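Take a look at the structure below.
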Amino acid sequence: MMMKNKNMFAANLQAVFEGYMDKEEILQLIEVPKQRDHGDLAFPCFTMAQHLRKSPGLIARQAAESMNKESFEKVEAVGPYVNVFLNKQQTANEVIGEIFDKQQDYGASVAGQGEVITIDMSSPNIAKPFSLGHLRSTVIGNSLALLAEKRGYTAVRINHLGDWGTQFGKLIAAYKRWGSKEQVSRDPIKELLALYVRFHHESEAFPELIEEGREWFKKLEDGDSEALQLWKWFREESLQEFNKIYELLGVYFDSTEGEAFFNDKMERIVDVLSAKNLLSKSAGAQVVQLIEAGMPPCLIKKSDGATLYATRDLAAAVYRKERYHFAKSLYVVGNEQSLHFNQLSAVLKKMGYSWWKDIRHISFGMVLKDGKKLSTRKGKVVLLEEVLKESMELASKNIEAKNPDLADKQSVAKSVGVGAVVFHDLKNHRNNDIEFSLKDMLRVEGETGPYVQYTYARACSLLRKGNFQLTGETLVCEEEAWPVVKVLAEFPNTINKAAENDDPSKIAKYVIDLAQEFNKFYANKRILEEGKHKYSRLSLTYAASVVLKEGLRLLGVDSPPEM
RNA sequence: GUCCCAGUAGCUCAGCAGGAUAGAGCAACAGCCUUCUAAGCUGUGGGUCACAGGUUCGAAUCCUGUCUGGGACACCA
């Protein structure tokens, strides 16, 4: 919609500047004024001033005068700018009409029709608590998947569980020394974590423990039945705990093939590397040199012959390409691993896979406490489950205080409590580090999930009370409704920007923006007041509700119709 | 030491394919509910956009350097 207006504006200007500037260039220059009284679109004349060697102010005045103004409400020159005001009535009818027409598909496209995007997300480590870092990966990945689907792609959500590696040797060693079946069964993650922490603590004084852990991992790799059994048990218990969280978050996976799944797929990678003469020995280890790419070498095999993270990820990348034929493969993993992913791409490139450039590391900032990284090894973790629990309790208290007669309080408390935490995680650009603050996460006023949900619930309430029904009559756009219409018109554009930049925060900001504009409208106009504006106001309310709900959905946040 | 990311209001952050007086939210203060959900709305105060150069008619936005913070840098993932 906005694009259409922009095109129209550009076409008109092009006619005026015939021979000096093509439409593409004009489109590039057209901008949205920051201030309301500067209109809806603006063209700065500085560049034209250089072409024509006249003052920008003069050009703006002449352009404003000679332009075809029929399709706009007003065209005026202000200083060096040509400002246009769109036809509010027509635009409102077009925008809201389109939303009525498409409903939740408003903003959808077919850009990715027939293509697959795999998304490596969440990927918690077995036997360790689900941390806030994993929450980030999970909700960012989920939102990117939803955005991809909105644009017609098939999204494959992959939970690459951290279910293999030397830490399991350590864990088994710790369990054998100090663990008990009863305790682990009672509270698996907590107990396993305690064992892991104790192992690290004690191995500072008794370094021989490290060796013991290494031996257990070797046994695990060699298929020792005791080791394998313990490993399976740890994995199973952990997965059950994780599933509770996924259920709360409303996230599902198409694949939970973790690291262990690739154990038998790595030899092939090593063979290819070897056949292509890419492997070299360095201090006993097998590496791929990446000097020409300006990177340190990528470790493929340890000096004891064991494989490494990179080997596994290479195997996983190849496997995913062969299985899913992805057009793009995203890895939602913390930014401290950017070197690893750069190395991964570089090695794939050397292996001759042309799709190396379709691999994309979607990095995100860390969750910090007192400005420092949280460390599992030192037991310094914030448990997501507890955060969610507190948030849901707070939501429950708020409902009790504000709307005690609400039906289905528990499910609303869940939606709002979880929504607050998810939204808080997504509202800022993913690359920012987040200082852990329970207070901020539980906030429900201002730029928060509950604020947006509240706005949606209010809109729903109006629609219920006003018995809103589509009649298709022509709408009247009041002055106060115009800002809402403009934001509504931007939704498709915002979706594209969010998807192109792998940036869900754009959607979060958008939805806040829309809620703010709608709330202003709500404060200024009695929507249910009988009279000639009622249908138009309710229509606007309806359109806003559709877009708020869909925006929240794209973030993985529920929209209860009442709260 | 090398590489990556960041430094905008007291706090959390937008804005950054250059453009008109730098915007929100929180916190503070002052208002608005016998009428559509006050998880809301309105107003006030608060800024040398880290610093220094450069490119440009024009820089928070682009380039270079400096400082500060964080992260990564071989047998963890």
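By convention in this document, chain letters (A, B, ...) are assigned in the order of the sequence lines, proteins followed by strands, and residues within each chain are numbered from 1. All values reported here derive from a predicted model rather than from experimental measurement.
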To the nearest Å, give me how far apart [atom1] ([X]) and [atom2] ([N]) are.
| X | N | atom1 | atom2 | value |
| --- | --- | --- | --- | --- |
| A/Glu336 | B/rC4 | CD | C1' | 12 Å |
| A/Glu517 | B/rA24 | CD | P | 11 Å |
| A/Ile527 | B/rC41 | CD1 | P | 13 Å |
| A/Leu438 | B/rC26 | CG | P | 19 Å |
| A/Tyr535 | B/rC36 | OH | P | 24 Å |
| A/Gln343 | B/rA74 | CD | C1' | 9 Å |
| A/Lys34 | B/rU61 | NZ | C1' | 10 Å |

At 4.0 Å (heavy atoms only), tell me whether [X] reaches a base, stays on the sugar-phosphate, or touches nothing.
| X | result |
| --- | --- |
| A/Ile399 | base |
| A/Ala49 | nothing |
| A/Lys402 | base |
| A/Asn335 | nothing |
| A/Val416 | base |
| A/Lys439 | nothing |
| A/Asn519 | sugar-phosphate |
| A/Met563 | base |
| A/Glu259 | sugar-phosphate |
| A/Thr47 | base |
| A/Phe46 | base |
| A/Asp513 | nothing |
| A/Thr166 | sugar-phosphate |
| A/Ala306 | nothing |

Which nucleotide in the set [options] lies at the smallest distance from any side-chain heavy atom of [X]?
| X | options | result |
| --- | --- | --- |
| A/Lys509 | B/rC73, B/rC13, B/rC41 | B/rC13 |
| A/Glu445 | B/rC13, B/rA39, B/rA72 | B/rA39 |
| A/Arg458 | B/rA38, B/rA39, B/rC36 | B/rA38 |
| A/Tyr451 | B/rG40, B/rC36, B/rA77 | B/rG40 |
| A/Gln28 | B/rA14, B/rC57, B/rA17 | B/rA17 |

Gap in Å between the two [atom1] atoms, one belonging to [N] and one to [M], rounded:
| N | M | atom1 | result |
| --- | --- | --- | --- |
| B/rU48 | B/rU12 | C1' | 22 Å |
| B/rC5 | B/rG43 | P | 40 Å |
| B/rA50 | B/rC67 | C1' | 8 Å |
| B/rC11 | B/rC3 | C1' | 32 Å |
| B/rC26 | B/rC41 | P | 8 Å |

Handout entry: Nearest-nucleotide comparison on RNA chain B, the residue closer to the 5′ end among A/Ile512 and A/Ala523
Key =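 Taking each residue's closest nucleotide, the earlier one in sequence belongs to A/Ile512.
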Practice task
Specify the residue among A/Lys301 and A/Leu462 whose closest nucleotide of RNA chain B lies further upstream toward the 5′ end.
Solution key: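 Upstream on the strand: A/Leu462.
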Short side-chain N/O contact from [X] to OP1 or OP2 of [N], under 4.0 Å:
| X | N | answer |
| --- | --- | --- |
| A/Asn524 | B/rU42 | no |
| A/Tyr522 | B/rU42 | no |
| A/Arg443 | B/rA39 | no |

Which one is paired to [N], where only Watson-Crick or G-U wobble pairs with both distances under 3.5 angstrom count?
| N | value |
| --- | --- |
| B/rA9 | none |
| B/rG58 | none |
| B/rU2 | B/rA72 |
| B/rA28 | B/rU44 |
| B/rA20 | none |

Problem - Spacing of A/His200 atom NE2 and A/Lys170 atom NZ [to the nearest 0.5 Å] - result: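 Rounded to the nearest 0.5 Å, the NE2-NZ separation comes out at 4.0 Å.
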Practice task
Step by step, work out the side chain to side chain donor-acceptor pair (under 3.5 Å) result for A/Arg430 and A/Asn335.
Solution key: CA-CA 10 Å; A/Arg430 56 183 161 76; A/Asn335 58 18; over 6 Å; no
Is there a donor and acceptor pair, one atom on the side chain of [X] and one on the base of [N], closer than 3.5 Å?
| X | N | answer |
| --- | --- | --- |
| A/Asn83 | B/rA20 | yes |
| A/Ser282 | B/rA74 | yes |
| A/Gln35 | B/rU21 | yes |

Using modelled atom types and a 3.5 Å cut-off, is there a donor and acceptor pairing between side-chain atoms of [X] and backbone atoms of [Y]?
| X | Y | value |
| --- | --- | --- |
| A/Ser123 | A/Met121 | yes |
| A/Ser55 | A/Leu58 | yes |
| A/Ser282 | A/Ala285 | no |

Exercise for the section: Just do the ring-ring contact (aromatic ring centres under 6.0 Å, His included) check on A/Tyr319 and A/Phe261 with the steps written out, would you? Expected result: CA-CA 11 Å; A/Tyr319 173 82; A/Phe261 177 80; 5.1 Å; yes
Practice task
Would you kindly check if the NZ (Lys) or CZ (Arg) of A/Arg458 is within the cone defined by 45 degrees around the ring axis of A/Tyr522 and under 6.0 Å from the six-membered ring centre?
Solution key: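 That pair qualifies as a cation-pi contact.
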Handout entry: A/His38 aromatic ring stacked with six-membered ring of B/rA20, 5.5 Å and 30°
Key =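 So A/His38 counts as stacking on the base.
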Practice task
Enter syn or anti for the glycosidic conformation of B/rC32, syn applying to angles within 90° of 0.
Solution key: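 Here B/rC32 takes the anti form, which means its glycosidic angle is more than 90° from 0.
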Problem - A/Ser363 versus A/Asn431, closest heavy-atom pair with distance - result: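 Scanning both residues completely, I find the closest heavy atoms to be OG-ND2, 3.1 Å.
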Exercise for the section: Run through A/Phe468, A/Tyr542, A/Phe521 and flag the one making a side chain to side chain contact (heavy atoms under 4.5 Å, CB included) with A/Arg537. Expected result: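 So the option named by the test is A/Phe521.
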